[in-house]
Amino acid sequence: MLDIKLIRENPEYVRKKLKDRNEDDSIILKLQEIDGKRLEIIKKAEVLKEKRNKVSDEIGIMKRNKENADGKIAEMKKVSDEIKSYDEELRKVDEEIEKELYYLPALPDDKVPFGKSADDNVEKIVCGEKLHFDFKVKDHVELGKMLDILDFERGTKISGSGFPLYKGKGATIERALINYMLDTHIANGYKEILPPILVNRASMEAAEKVPKFEEDMYRTVPDDLFAIPTAEVPIINIHRDEIFKQDELPLKYCGFTNCFRREAGSYGKDTKGFLRVHQFNKVELINFCQPENSYEEMEKMVIDARRILDGLKVHYRIIELCTGDIGFSASKCYDIEVWSYAEDKWLEASSVSNCTDFQSRRAKIRYKKILEGGKTKTELVHILNGSGLATSRLMVSILESNQTKDGHIVVPEVLKKYTGFEII
RNA sequence: AGAGAGAUGGCUGAGUGGUUGAAAGCGGCGGUCUUGAAAACCGUUGUAGCCUUACGGUUACCGGGGGUUCGAAUCCCUCUCUCUCUGCCA
């Protein structure tokens, strides 16, 4: 959620940033108007409330002295009615502002490259060896079927398209990958979390997923619980409405969960195998930190995600998303893409975002900043999230790049101690 | 799921219509004392909005929402959650 104060005090800046994102900025004019109205109502109501409080105290004293206070009571009855109507107006205006704020995205950082679409994203670095095969590479769906480790047809029978079924060594290598990632992150200072994967509406709102993306979420009807699209949601909500001490930051969590996305609006796109699925596995990294350190922490998170790929010897690249392509809650975002030899293209496997105070404002996650002279000030933390990483597209790259001419898969070195076998 | 009890500041816990933003204790912070520490003593100690250059003023907040009243932590309705007992269950 954006700060209404920023819109009040610096509307031109906000409008420019929204335009950079290809967003409609006319909403700011509307918000300024409603906000102005809101302040007017507050002022009027507060003058009356002050009067009511004062006179009510006087009435109390008069009653105690057995004096007649009927006149004052009659007068205050009128004042009270007036207050009620102002409060009613205020409620409506608050609701209107809230409604607009729910749909306004985070503002891009000044250093983010300007661009209209994904085509304008900037490639930062390409890593890992790109392999050359002296045979025709098989894609992951074919390999999965041949080796009987992935069964997309039966996954479809059980649930629908986009719900992969892992079997035998396929299930084992998936589990190995998750353990490898978690162990690596834990060794690098992240605390492991295994959170609930159904969350309530308040948690979804605090993480800025709902109402804006409600259509993309799976929702249970009788209880109004949402299947999480990412572990980011429950992990952020661990600290909803809490205030950290400064020395508790940065606070780093990692967590494995299943993730669920309806992918509404992308039917017919990348439907093959793992390329776009409704349920997938992901190890997520979350970092709560002081605002002045967040961009530095972001670079560290990219290193933490890359460590996984370097270990697996995957060919990957990092791109910085341009202003037109960064996600709703992020001020800056890097994507990590792995190379698919069979698809002959890059696949997004991770995304590291600095959401600054966009989520912490809605979630009310703050910390006591220590000022000079030992005084403290409560300030919003910055929240960063990064996948470290999602397994499905990573698995595409792993299966493809470790295949042999006769159709087997060599288990990557770092996973062997987790799988207990070396070849599939 | 049924019956009962409850939800107050960082914590424990008073408070059942009128100087209660809220007693008291603990904790935290600052100070006195001390070579240092502890103890003791003194002081201080919530969040947010609005007005103000500032000092400060003011409003709201006692689980959430609504209501009664001149006035609500206190009365009423409703929701959520916690605890105890019963039932069911991995």
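Worth saying up front: this structure is predicted, and the values here are computed from it rather than measured. Reminder, nothing fancy here: chain letters follow the sequence lines and each chain counts from 1. FYI, side chains are in, hydrogens and waters are out, and symmetry mates aren't considered; it's all heavy atoms of this structure.
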Between the protein and nucleotides 76-82 of chain B, which nitrogen or oxygen pairs come in under 3.5 angstrom?
none

Below the 4.0 Å mark, does [N] have OP1 or OP2 next to a side-chain nitrogen or oxygen of [X]?
X	N	result
A:Arg52	B:rA60	yes
A:Ser80	B:rG71	yes
A:Lys84	B:rU68	yes
A:Arg91	B:rG66	yes
A:Lys43	B:rC50	no

[atom1] atom, [N] versus [M]: distance in rounded Å?
N	M	atom1	value
B:rG9	B:rC51	C1'	27 Å
B:rU68	B:rU74	C1'	13 Å
B:rC83	B:rU78	P	23 Å
B:rG31	B:rA39	C1'	16 Å
B:rG64	B:rU45	P	24 Å
B:rA38	B:rC33	C1'	12 Å
B:rG71	B:rG13	P	33 Å
B:rA1	B:rC75	C1'	31 Å

Euclidean distance, atom [atom1] of residue [X] to atom [atom2] of [N] [Å, nearest integer]:
X	N	atom1	atom2	result
A:Lys49	B:rC61	NZ	P	8 Å
A:Ile61	B:rU20	CD1	P	11 Å
A:Asp81	B:rU69	CG	P	9 Å
A:Asp241	B:rG9	CG	P	14 Å
A:Ile83	B:rG71	CD1	C1'	11 Å
A:Lys54	B:rU59	NZ	C1'	12 Å
A:Met76	B:rG18	CE	C1'	15 Å
A:Asp87	B:rG65	CG	C1'	14 Å

When you check the side-chain N and O atoms of A:Thr257 and A:Lys282, is any donor under 3.5 Å from an acceptor?
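No, because no side-chain N or O of A:Thr257 sits under 3.5 Å from a partner of the opposite role on A:Lys282.
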
Can you tell me the pairing partner of [N] across any strand shown, Watson-Crick or G-U wobble, with both distances under 3.5 angstrom?
N	value
B:rA54	none
B:rA14	none
B:rG63	B:rC79
B:rG27	B:rU45
B:rA1	B:rU86
B:rU68	none

Reckon [X] touches a base, only the sugar-phosphate, or nothing at all at heavy-atom distances under 4.0 Å?
X	value
A:Lys5	sugar-phosphate
A:Lys368	sugar-phosphate
A:Glu46	base
A:Leu39	sugar-phosphate

Suppose we call two aromatic rings close when their centres sit under 6.0 Å apart. Are A:His140 and A:Phe274 close by that rule?
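Yes, they do, as the ring centres are separated by less than 6.0 Å.
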
For A:Phe358 together with A:Phe328, are the ring centres under 6.0 Å from each other?
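Centroid distance A:Phe328-A:Phe358: below 6.0 Å, so yes.
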
My understanding is that only residues two or more places apart in sequence, or in another chain, count here; which of them pass ring pair (Phe, Tyr, Trp, His ring centres under 6.0 Å) with A:Phe244?
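Partners of A:Phe244 under the ring pair (Phe, Tyr, Trp, His ring centres under 6.0 Å) test: A:His239, A:Phe288.
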
Nearest of B:rG49, B:rA60, B:rC70 to any side-chain atom of A:Ile42?
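The answer is B:rG49.
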
Any idea which of B:rG49, B:rC70, B:rU47 is nearest the A:Arg366 side chain?
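Closest nucleotide among those given: B:rU47.
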
Between A:Lys72 and A:Asn53, name the one whose nearest nucleotide on RNA chain B is closer to the 5' end.
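Looking at the nearest nucleotide for each, A:Asn53 comes out on the 5' side.
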
In terms of the nearest nucleotide of RNA chain B, which residue is placed more toward the 5' end: A:Thr378 or A:Ile4?
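Counting from the 5' end, the first nearest nucleotide belongs to A:Thr378.
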
Does NZ or CZ of [X] lie under 6.0 Å from the centre of the six-membered ring of [Y], at an angle within 45° of the ring axis?
X	Y	value
A:Lys169	A:Phe421	yes
A:Arg154	A:Phe163	no
A:Lys252	A:Tyr190	yes

Give the C-alpha distance, both sets of side-chain angles, the deciding distance and a yes or no for salt bridge (Lys or Arg N to Asp or Glu O under 4.0 Å) between A:Lys145 and A:Glu153.
CA-CA 10 Å; A:Lys145 194 166 188 170; A:Glu153 285 88 351; 3.3 Å; yes

If every non-hydrogen atom of A:Leu389 is compared with every non-hydrogen atom of A:Ala349, which pair is closest and at what distance?
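So the two residues come closest at CB-O, 3.7 Å.
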
Checking salt bridge (charged side-chain N to carboxylate O under 4.0 Å, His left out) against A:Glu214, which of A:Arg201, A:Arg262, A:Lys209 comes through?
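So, applying the salt bridge (charged side-chain N to carboxylate O under 4.0 Å, His left out) to A:Glu214 and each of A:Arg201, A:Arg262, A:Lys209, only A:Arg201 qualifies.
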
